[in-house]
Amino acid sequence: MGLDPKDIERGKVRVRQLKTGKHMMIPIHAELAKTIAASSITDEVFVTTERGAAYQSDASFGNWFSNRCVDAGLKGFSMHGLRKAASWRMAEMGLSIQLIKSITGHTSDSEASRYTREAEQEAMADRAMEIMSLANFSK
């Protein structure tokens, strides 16, 4: 259970989608790469239980994460919410559904769209107009 340093290869992390079993290689964000490089991770996994062992199930890790959110004053947040938040941010940046799916692991456009439909409309409209203003329509 969980990601460990052996899952990182060539600046990418190897993950397996829980629902589909699909294997993916996802580039590690530069800020996360800095954090990993600055850490003293020598264990078999990145995040361990209070006893220093790997979490034995997705549910136990999810519960730990939710509890840490509560500790930080973020009651009601979960691991699943990170995926949705990342989807929103990518949509607001103007990434296509295909690019978003390559990170989130969604297999259908409709499922990815369900995650991004609540993205900030105004920010997306600003981005769309910015892109359109760069186009040369006089051709």
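Heads up: numbering here begins at 1 and tracks the sequence.
- Distance check, rounded to the nearest 0.5 Å: CZ of Arg117 to OG of Ser87 gives 12.0 Å.
- Within the model, atoms CG of Asp109 and OG of Ser96 stand 9.0 Å from one another, a figure rounded to the nearest 0.5 Å.
- Side-chain atoms of Ser102 come within 3.5 Å of backbone atoms of Leu99 as a donor-acceptor pair (strictly under, hydrogens ignored).
- Annotation: His80 is in aromatic contact with Tyr115 [ring centroid separation under 6.0 Å].
- In this structure, the side chain of Asp7 engages the main chain of Asp4 through a donor-acceptor pair within 3.5 Å.
- Judged by distance alone, the side chain of Ser108 and the main-chain N or O of Glu111 form a donor-acceptor pair under 3.5 Å.
- Under a 4.0 Å N-O distance rule, the pair Glu92/Arg127 does not qualify as a salt bridge.
- Distance alone, capped at 3.5 Å, places no donor-acceptor pair between the Arg14 side chain and the Glu9 backbone.
- Under a hydrophobic clustering in which Ile, Leu, Val, Met, Phe, Trp and Tyr are joined whenever their side-chain heavy atoms come within less than 4.5 Å, directly or via other members, Ile8 and Val47 fall into the same cluster.
- The shortest side-chain heavy-atom distance between Met129 and Met124 does not fall under the 4.5 Å cut-off.
- Contact detail for Thr107 and Lys101: the closest heavy-atom pair is O-NZ, 3.7 Å.
- Contact of the His23 side chain with the Val15 side chain is not registered, since no non-hydrogen atoms from C-beta on lie closer than 4.5 Å.
- Atoms CD and CG, on Gln121 and Asp126 in that order, are 8.5 Å from each other to the nearest 0.5 Å.
- In this structure, Arg89 places its CZ atom where only 12 or fewer heavy-atom neighbours from other residues, nucleotides or ligands lie under 6.0 Å away.
- Looking at Ser113 and Thr116, their side chains never bring a donor and an acceptor atom within 3.5 Å of each other.
- Shown here for Ala119 and Ala91, the closest heavy-atom pair between the two residues is CB-CB, 4.0 Å.
- Of the possible polar contacts, one joining the Gln56 side chain to the Ala54 backbone as a donor-acceptor pair under 3.5 Å is found.
- Cluster membership for Leu74 and Trp64, using ILVMFWY side-chain heavy atoms within less than 4.5 angstrom, is not shared.
- In terms of heavy atoms, Ala112 sits closest to Ile97 at CB-CG2, 3.9 Å.
- Under the ring-ring contact (aromatic ring centres under 6.0 Å, His included) rule, Tyr55 has a single partner from Phe46, Phe61, Phe65, which is Phe61.
- Other residues, nucleotides and ligands place more than 12 heavy atoms under 6.0 Å from the CE atom of Met25.
- Hydrophobic clustering (side-chain heavy atoms under 4.5 Å, transitive across Ile, Leu, Val, Met, Phe, Trp, Tyr) groups Ile26 together with Met79.
- If you chain together hydrophobic residues whose side chains sit under 4.5 Å apart, Leu82 and Leu32 fall into the same group.
- Looking at heavy atoms from C-beta onward, Thr104 lies out of side-chain contact with Lys84 at the 4.5 angstrom threshold.
- Pairing each heavy atom of Ile103 with each of Met24, the nearest pair is O-CE, 3.9 Å.
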